[in-house]
Amino acid sequence: MIQSHGYAGHSASTPLTPFSFERRDPKERDVVVEILYSGVCHSDIHSVRNEWKNAVYPMVPGHEIIGRVTAVGSEVSRFRVGDTVGVGVIVDSCRTCPSCSNDEEQYCETGATLTYGVKDRYGDMTYGGYSSNIVVDEHFVHTVKEKKHLAGVAPLLCAGITTYSPLRHWNVGPNMKVGVVGLGGLGHMGLKFAHSFGAHVVQFTTSESKIADAKRLGADEVVISKDADAMKKQASSFDFILDTVSAPHNINALLQLLKRDATYAQVGLPDTPPTIFMGDLLFRRRNMSGSIIGGMKETQEMLDYCAEKGITADIELISIDKINEAFERVVKADVKYRFVIDMATLKK
Ligand code: NAP
Ligand code: ZN
Ligand code: ZN
């Protein structure tokens, strides 16, 4: 077995604390990765605090992983020792169902294996990226071409692909008016991508303090979503809206901003279901849809796109002993715009 250490949650209401555990020895197609950087996703907080009611403890969160390959199994063909790689939200899937066969492993019909908090095909619990190393089948490992700003690449593995995928799926591009709701980890990546794809982008935020940043990140307009008059001025004018908000909020006020036949894509996953007035969907034949992360092929495509365009996340780098403070600040929407843990601080 491979020794690993990191930080784990032990209950819904206690802080993360140092934790040692073991990972499997690499099988033929496994890659062993020494973790350099680990992003802090709001899903880590929902999970550790059992807000989705499926937590298994001890839980080592983290699914925005950048690291260096330290060993490979005998049949690994895509990676060598020393390569810089990324690992995201899933580490396995059945590989044969219609979704897997269509490069949409995230929708695996038997259930993809999450990077942490579930049992894998060998019956072992998966432990995530707030740790020293990880062992992953090479199919779920990505090549990282960007070399200069690796900490800013980590959030692409979840926040990046989760926003890139629906924007691509719904063909966001020039001559489209696109809304991004919530300027957090996902939102700021959605804003960067929608702007990069050539859309006219309107950022919705509850935080007046983020207006200048939203414009710097590519927003053509910024609307304070609590301002009813400002919202009314945008009525029935959007081709597409991407909602990244992590808490319950007024979705009807946003649905009313879509044109006829336009689409609302939900990627935020608050713990309580919203109340939706169906009239706001019916009368303009509006669509409501959802999306989770992206498949392995699309994740690599997104990483290559970002390397080519120089897109990384705006981050605050922290040492791992600051993780509990970071969780508190994410919940207060007080992060610009993603915390990333410098995993070298785990050794200190
Ligand atoms: P985050 O960094 O905390 O960003 C969420 C943003 O939502 C906040 O910055 C804030 O933006 C806004 N917000 C928070 N509370 C609000 C409220 N009560 N009303 C209105 N707006 C509010 O979180 P994240 O990491 O981007 O994740 C966002 C959500 O996506 C989470 O629920 C997470 O679990 C989910 N997620 C889903 C997927 C997927 O595959 N679908 C992947 C990753 C994460 P402003 O300050 O601008 O208002
Ligand atoms: Zn995530
Ligand atoms: Zn499958």
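Remember, predicted model here, so these are calculated numbers, not experimental data. We count ligands from 1, going down the list as the structure has it; atoms in each ligand are counted the same way.
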SG (C108) to the Zn ion (ligand 3) to SG (C100), nearest 10°, is 100°

Look at the aromatic rings of F19 and H10 and report parallel, tilted or perpendicular, splitting at 30° and 60°.
-> perpendicular

Rounded to the nearest 0.5 angstrom, the CE-CD distance for M296 and E104 is 10.0 Å

Excluding sequence neighbours, so at least two apart, what forms salt bridge (charged side-chain N to carboxylate O under 4.0 Å, His left out) with D120?
-> R24

What angle, in degrees and rounded to 10°, do you get at the Zn ion (ligand 2) when you join it to SG of C158 and to NE2 of H63?
-> 110°

C97 atom SG and C94 atom SG as seen from the Zn ion (ligand 3), angle to 10 degrees | 110°

Nearest heavy-atom neighbours spanning D261 and R285 = OD1-NE, 2.6 Å

Salt bridge flag under 4.0 Å for residues R29 and D137 | no

Distance col, row M302:CE vs M189:CE, nearest 0.5 angstrom, shows 7.5 Å

The answer, listing residues by chain and number that come under 4.0 Å of ligand 1 through any heavy atom, is C41, H42, S43, H46, W52, C158, T162, G182, L183, G184, G185, L186, T205, T206, S207, K210, T244, V245, S246, A247, P248, H249, V267, G268, L269, S291, I292, I293, V330, A333, R338

Which of parallel (below 30°), tilted (30 to 60°) and perpendicular (above 60°) describes F197 and F193?
-> parallel

